[in-house]
K.L.:
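Provided herewith is a single structure, encoded as structure tokens, for subsequent inquiry.
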Amino acid sequence: MIIVYRISQFLDINSFHLSSYLMDLSYILTHLGENREDYFNAVAPPIIQSSNFTYKTFAEFRRVLKDEAHNPLYTRGCNPTVAILRKKMAELEGAEDSLIFSSGSAACAAAIIANVNAGDHIVCVQKPYSWTYKLLTQFLPRFGVEYTFVDGVDVENFRKAIQPNTKVLYLESPNSISFELQDIEACVKLAKEYNLVSICDNSYSSPLYQNPIKMGVDIVVHSGTKYINGHSDVVAGVLCGSNEMVAKIFAFEFMGLGANISPNDAWLILRGLRTLALRLQRSQESTLKVVEYLEKHPKVESVIYPWSKSHPQYELAQKQMKGAGGLFSAVFKAKDLATMEKFCEAMADVFLMAVSWGGYESLQVPTALFYTLDTLGGNAPTLPFTMVRYYIGLEDPDMIIAAFDKALLLI
Ligand SMILES: *Cc1c(COP(=O)(O)O)cnc(C)c1O
């Protein structure tokens, strides 16, 4: 698999003298933004673990004060280690600029909050990430911002939900539990028609398998915790957009709420990024094998995976995505909760029972878990108890299939 990226803007790569150059993915992950002669020609970038930066003259200090977003003044705004990561993330998404947050949720919240005022309305795809849902339903209403959730499979549903005070169209394609897609190009067309700011949570695909900004979306957000870092040891968020949009978000939501990443965590993500393409490829290849196996198994009701021909939006996935990674759900023919519990526990050595995904380790989140939680307050979960969300990490897929072979006897 070779993915070719072209420089979409003029980059300040002082040390490489590449004015117009065919930039491939490996170049971005391995070299972009890394001016090694600035730090003793070290191959790996330094962790600039400093809260603030000093200047000897008024002229220098004034120059830095003028653009706090791109010059090291104070690490809440700009830090040289984090700046390397910002360059790479912007280029990977085909965006002019990016910001790195201390969590994906902070990035999602900043993107939304920056584009609404009291009295405004947001149209959002249904079943977004849980904390995006809570932001819209419990936090923003306190400040007079309304919302409507829409089944995003048909773009016309978005149109019907738009009101005169709608300002934001929020997408998550696909989502990370039932994997419904939105036709991103059609959504962008609609957003432009009604002058809405379009935002897309692109965590599922990572910048390697889908680029909403290249399809016209205004802001892309990611949980950097997932594929981008990829080692289950950092929580982080990424936001990509135009220079103008990033400057606007930097000026308040980023600096004011102060959800910046630490230089140390940014460095870990830079290290994780080196192998992003390899990890994704491995995860997707293994997932295709496991999905094919499960789809043929008599104890399996269905598999939901955008890269499987059985997915109802397979054509759309092929059109707007370049791949689908390792996250999917499967529904089993189990009769009761106890059977599901036994089955999932039997798999727990191979699929760790844990939230999150995108790391090296395979994971499972059984929906049956939520059926016995008191915190639901009597609200019945909307997903069947026979469903499990799986993430396939870097393990041998044959080992995973062998484990299924054995545990499925329990159903
Ligand atoms: C995990 C996740 C988030 C939130 O990211 P954090 O880094 O956990 O704050 C947002 N969107 C999606 C789709 C996610 O999977």
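In each ligand, atom 1 is the first atom listed, and ligand 1 is the first ligand listed. Hydrogens, waters and symmetry mates are skipped; everything else that's a heavy atom, side chains included, is used.
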K.L.:
Is any NZ, NE, NH1 or NH2 atom of the basic residue among E193 and R159 found under 4.0 Å from an Asp or Glu carboxylate oxygen of the other?
P.N.:
yes
K.L.:
Does a donor on one side chain and an acceptor on the other come within less than 3.5 Å for E172 and T132?
P.N.:
no
K.L.:
Heavy atoms only: which of Y129, W357, F101 is nearest to atom 4 (C) of ligand 1?
P.N.:
Y129
K.L.:
Answer yes or no: does atom CZ of R282 have more than 12 heavy-atom neighbours from other residues, nucleotides or ligands under 6.0 Å?
P.N.:
yes
K.L.:
Is there a nitrogen or oxygen of E172 sitting under 3.5 Å from a nitrogen or oxygen of ligand 1?
P.N.:
no
K.L.:
Taking only Lys NZ, Arg NE, NH1 and NH2, and the carboxylate oxygens of Asp or Glu, determine whether K88 and E34 approach each other closer than 4.0 Å.
P.N.:
yes
K.L.:
With F179 as reference, evaluate Y204, F328, Y305 under the ring-ring contact (aromatic ring centres under 6.0 Å, His included) test and give the passing residue.
P.N.:
Y204
K.L.:
Can you name the atoms of ligand 1, numbered from 1 with element, that are less than 4.0 Å from a heavy atom of S105?
P.N.:
4 (C), 5 (O), 6 (P), 9 (O)
K.L.:
Step through the shown structure and confirm whether more than 12 heavy atoms of other residues, nucleotides or ligands are within 6.0 Å of NZ on K406.
P.N.:
no
K.L.:
Answer yes or no: does an N/O atom from G224 fall short of 3.5 Å to an N/O atom of ligand 1?
P.N.:
no
K.L.:
Run the numbers for me: atoms of ligand 1, each under 4.0 Å from some heavy atom of K226, listed by number.
P.N.:
1 (C), 2 (C), 3 (C), 14 (C), 15 (O)
K.L.:
Before accepting this row, confirm whether a basic side-chain N of the pair E292/K296 lies closer than 4.0 Å to the acidic partner's carboxylate O.
P.N.:
yes
K.L.:
Relative to atom 11 (N) of ligand 1, which among N175, D201, V221 owns the nearest non-hydrogen atom?
P.N.:
D201
K.L.:
Please list, in number order, the atoms of ligand 1 under 4.0 Å from a heavy atom of T225.
P.N.:
6 (P), 7 (O)
K.L.:
Measuring from the heavy atoms of A236, does anything fall under 4.0 Å of ligand 1?
P.N.:
yes
K.L.:
Answer with side chain, backbone, both or neither: which part of S203 has a heavy atom less than 4.0 angstrom from an atom of ligand 1?
P.N.:
side chain
K.L.:
Can you list the ligand 1 atoms lying under 4.0 Å from a non-hydrogen atom of G104?
P.N.:
5 (O), 6 (P), 7 (O), 9 (O)
